[in-house]
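Numbering of ligands and ligand atoms starts at 1, following listing order. Quantities reported herein were computed from a predicted structural model and do not represent experimental measurements. Along the sequence shown, residues carry numbers from 1.
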Amino acid sequence: PDPDPTFEALLDSIEQRLAIADAVALHKWDSGQPVQDSAREQQVLERVRKAASSHKVSPQRATLFFSDQIEADKLRQYHLLSQWSLVEAAPDIPRLDLTREIRPQLDLLQAQMLDRLARFDRHRPAHCEHALAKAIGLRSSDATRRLMLIRATASLCPRG
Ligand SMILES: C=C(O[C@@H]1C=C(C(=O)O)C=C[C@H]1O)C(=O)O
């Protein structure tokens, strides 16, 4: 079956955001900085809450969706740091600075994600959970990659 286009745009930007977690994890590996940064999370969620209505998403919906993005992001960072600890080395690739380079990239993605969330909500498929599980399964056979997507979409479909 063809991938459901309603999910594809949103899943694409979710994966774009998760890809940035690799650079975050590298910065944290080098600096010894913890994965969890609650002050930064509050800042991200506050920006999202303020921006939500201009993207036609309720502030509540937007902050819940972004707290899922943050949780998935941390899951990915913990996963990478554990892999690097196992071999006592991180990939030898150019580093980006967290505050000056990486966080601005995350902030830029925010508007696109809110637009895609709004669009998703207007075209939400019937049997949302089932369609989502199928979309995630089609996207990847890698269990870890699927797990990140599952966590990042935990509140996407209405429950009950
Ligand atoms: C991405 C980071 O790591 C964690 C995840 C965050 C996010 O996904 O926005 C924010 C703060 C951290 O708890 C970061 O420190 O910037």
Completion exercise
In Asp22, Leu96, Asp97, Thr99, the residue satisfying side chain to side chain contact (heavy atoms under 4.5 Å, CB included) with His27 is Asp97
Exercise for the section: Identify, by atom number and element, the atoms of ligand 1 in contact range of Glu41, meaning under 4.0 Å from any of its heavy atoms. Expected result: 10 (C), 11 (C), 12 (C), 13 (O)
Problem - Per-atom contacts of ligand 1 with Val35, taking only distances under 4.0 Å to non-hydrogen atoms - result: 3 (O), 4 (C), 12 (C), 13 (O)
Problem - Heavy-atom proximity to atom 15 (O) of ligand 1, best of Glu71, Lys28, Arg17 - result: Lys28
Practice task
Return the residue, atom name and 0.1 Å-rounded distance of the protein heavy atom closest to atom 16 (O) of ligand 1.
Solution key: Arg103 NE, 2.7 Å
Handout entry: Test of proximity, Gln69 against ligand 1: N or O pairs below 3.5 Å
Key = no
Practice task
Using a 4.0 Å heavy-atom cut-off, say whether Ile70 meets ligand 1 through its side chain, its backbone, both or neither.
Solution key: both
Practice task
Could you check Arg146 against Arg139 for side-chain contact (heavy atoms from CB on, under 4.5 Å), going step by step and ending with a plain yes or no?
Solution key: CA-CA 8 Å; Arg146 282 207 308 263; Arg139 195 158 263 260; over 6 Å; no
Problem - ligand 1 N/O within reach of Ser38 N/O, cut-off under 3.5 Å - result: no
Practice task
Evaluate side-chain contact (heavy atoms from CB on, under 4.5 Å) for Ile150 paired with Ile136, printing each intermediate quantity in order.
Solution key: CA-CA 8 Å; Ile150 291 166; Ile136 291 175; 4.0 Å; yes
Exercise for the section: Go through the side-chain N and O atoms of Gln77 and Asp73 and say whether any donor and acceptor fall under 3.5 Å apart. Expected result: yes
Completion exercise
Numbered in order shown, the ligand 1 atoms found under 4.0 Å of a heavy atom of Asp73 are 1 (C), 5 (C), 8 (O)
Problem - Donor-acceptor pair, side chain of Arg151 and main chain of Gln69, under 3.5 angstrom - result: no
Exercise for the section: State plainly whether one hydrophobic cluster holds both Leu81 and Leu26, where clusters connect Ile, Leu, Val, Met, Phe, Trp and Tyr through side-chain heavy atoms under 4.5 angstrom apart. Expected result: yes
Practice task
Enumerate the atoms of ligand 1 whose separation from the nearest heavy atom of Gln36 is less than 4.0 angstrom.
Solution key: 13 (O)
Handout entry: Per-atom contacts, ligand 1 versus Arg40 - under 4.0 Å to a heavy atom
Key = 10 (C), 11 (C)
Practice task
Evaluate the criterion side chain to side chain donor-acceptor pair (under 3.5 Å) for residue pair Ser38 and Gln36; output intermediate values, then yes/no.
Solution key: CA-CA 6 Å; Ser38 303; Gln36 179 76 34; 3.1 Å; yes
